Enquirer: 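Handing you a structure now.
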Amino acid sequence: MKERTLRGKVAVAGVGETAYYKRGQAPDAEFKLALKSIKAACADAGISPKELDGFASFSNDRSDPSRLAAALGCSELRFSNMQWGGGGGGGAAAVGNAAAAIATGTADCVVVFRALAQGQFGRFGQGSQSNVVSGSFAHTIPYGLMSPAQMFAMKVVRFMHDHGVEQNALRSISLAAYHHAQHNPRAVMYGRPLDEDTYDNSRWIVEPFHLYDCCLENDGAAAMVLVSAERAEEFPHKPCYLLGAVGGSHYRAGASVHNTPEYASSTFPSLAPHLYDMAEVTAGDVDVLQCYENFTGGVLMSMVEHGFCEPDECNEFFVKERFLAPGGDLPLNTSGGNLAECYMHGLGLIIESIRQIRGDSTSQVANSEVSMTISGPMVTPVSSCIFGGETTL
Amino acid sequence: MNPPYLNSGLPQPLPAPDGLDAAFWQGLTDEKILLQSCCDCNKWQWGPEWICHHCHSEALTFTEVAPEGIIYSYERVWHPVHPALKDQGPYLIVLVEIPIADHVRLVGNLLGDPHQDVIIGSQVQAVFEHHETEQHPFTLLQWQTIN
Ligand SMILES: [Zn+2]
């Protein structure tokens, strides 16, 4: 085994989340939501929150680790880490950061969490409400380019143009998410199925995104507790091991004002091979996939860049039936994901990926041993990770 | 002078306080497109940065390019996310590449019918949209197709 790897060195002790609420409707303060999700993950693991000695998050989470450790009465704090970058790009990277701390002996019991109360702190999907703007945003906002959907749609337009991708490819992603949400009582869209006609007749947000191509906006929190792999058998659930995690982006992905050289991209081309290299699996080994969808177009490019499909074959590959659990050959976003379960900046996708290994998903895939999550295609750096069951070690 | 493409009330651009893009905004006021290039290796880059990404020289300058480019991508926006655009209706944003400047790209609006078919790869010409009566006057760089 390679010495410099995370493969098989870290296991999941427990996962937890608060109830998921529509944006602005959480009854609790954001910090309390964070505490509740961490308590839930510890309860799932059967440990006391006082055993936590590390905290990792992403997307500029506002719940400060020192305050969390004090509020939870943690006996000591040994690791506190923020993955740079907004949006959902850092979800899997935060897992990787926590795992690195455990694998190197920096900390023993690290919680990865994300808490969001947009009612308390303002909304993501809105444009700037200030009357002047400078820096890179001065070159976009005065032209009416300001929301996340608008920032991303031009990349997807170019990708679809280059590869002849049709709208139905995006629709399949959305339909699969809503299908799975009907089996998931936690999902905000539970009891609200979506069919082809409803999708087709829904309004445009920005072409090529219909309403149902866009993620929810929610309040809530989610957390997972990671420990050293030697302890994997101590916890109530079937062991789930981290096989690999990577965070980054390709050449000059951060060039401002839409100047990334390889523009029509989720910025994974150089990164995904590192993930497979560390995890020692290929795309063909993946049993179930959670792929971040702030907008469906990102799923197209992220999956192509992770080698699931050739860019010119998207119309044949992106069909709903392939993505449905349990029978499809690549079940996708099996909790409902950001479109239909909850938008927790994608941490819910990682928890679902773990549930698929433990065998307790609401849309369980049979014999799921290799479970991948791709985090955030839009805000760089992006990240992805793979969990595996015992047979993969 | 034609009215601005978008309804008024959107945030207005100010040159960055650190001076990084001041020459660009002054250029637009003078109806010129000035983009950043390197005095040492002649590479172009956009948005502007403090050093050249290619040779790391700090000797950067702003060089005028012809007011024309090629549509690299576009989007038609329907859902208004800013109160100023509530009654705007659909509008077009284009990403325009400047081939002679190492294909750097600029964001603007595509003037004319917002329902028009937009062809990636088609040639466009710059239109300087002056906002002179504002407290901090500014000019936006818009585009129109060449027939
Ligand atoms: Zn240079």
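Protein chains get the first letters and strands the later ones, always in sequence-line order, with residue 1 at the start of each. Quantities reported herein were computed from a predicted structural model and do not represent experimental measurements.
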Enquirer: If you define the side chain from C-beta out and look only at heavy atoms, does anything of A:Val157 sit under 4.5 Å from B:Ser73?
Expert: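 They are in side-chain contact.
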
Enquirer: Where is the tightest heavy-atom contact between A:Gly135 and B:Ala16, given as atom of each residue plus distance?
Expert: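 The answer is N-CB, 4.1 Å.
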
Enquirer: What part of B:Asn109 gets within 4.5 angstrom of chain A, counting heavy atoms only: side chain, backbone, both, or neither?
Expert: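 Both parts, backbone and side chain.
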
Enquirer: Considering only heavy atoms, which portion of A:Pro208 lies under 4.5 Å from any heavy atom of chain B: side chain, backbone, both, or neither?
Expert: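 Neither the backbone nor the side chain of A:Pro208 comes within 4.5 Å of chain B.
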
Enquirer: Considering only heavy atoms, which portion of B:Leu20 lies under 4.5 Å from any heavy atom of chain A: side chain, backbone, both, or neither?
Expert: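 It is neither, since no heavy atom gets under 4.5 Å.
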
Enquirer: Using non-hydrogen atoms only, which part of B:Tyr91 is less than 4.5 Å away from chain A: side chain, backbone, both, or neither?
Expert: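 Interface part for B:Tyr91: side chain.
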
Enquirer: Among A:His258, A:Arg158, A:Lys155, which residue has the highest count of heavy-atom pairs closer than 4.5 Å to chain B?
Expert: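 Of A:His258, A:Arg158, A:Lys155, A:Arg158 has the most heavy-atom pairs under 4.5 Å with chain B.
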
Enquirer: Determine the option with the most heavy-atom pairs under 4.5 angstrom with chain A, choosing from B:Leu140, B:Val94, B:Asp21.
Expert: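 Result: the option with the highest number of such pairs is B:Leu140.
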
Enquirer: Side chains of B:Leu10 and A:Met146: closer than 4.5 Å at any heavy-atom pair?
Expert: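 B:Leu10 reaches A:Met146 side chain to side chain.
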
Enquirer: Please verify the inter-ring angle class for B:Trp46 with A:His139; under 30° counts as parallel, over 60° as perpendicular, anything in between as tilted.
Expert: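 Perpendicular.
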
Enquirer: Exactly one of B:Leu141, B:Leu106, B:Leu92 should register a side chain to side chain contact (heavy atoms under 4.5 Å, CB included) with A:Tyr143. Which one does?
Expert: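 The passing option is B:Leu141.
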
Enquirer: Relative to chain B, which segment of A:Phe159 carries a heavy atom at a distance below 4.5 Å: side chain, backbone, both, or neither?
Expert: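 Contact with chain B is absent: no heavy atom of A:Phe159 under 4.5 Å.
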
Enquirer: Measuring only between side-chain heavy atoms, which start at C-beta, is A:Pro142 closer than 4.5 Å to B:Pro11?
Expert: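 No. Closest side-chain heavy atoms not under 4.5 Å.
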
Enquirer: Just how far is it from atom CZ of A:Arg252 to atom CD of B:Gln45, taken to the nearest 0.5 Å?
Expert: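 Between atom CZ of A:Arg252 and atom CD of B:Gln45 there are 6.0 Å.
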
Enquirer: Please flag which part of B:Phe138 lies under 4.5 Å from any non-hydrogen atom of chain A: side chain, backbone, both or neither.
Expert: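 Contact with chain A: none, neither part.
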
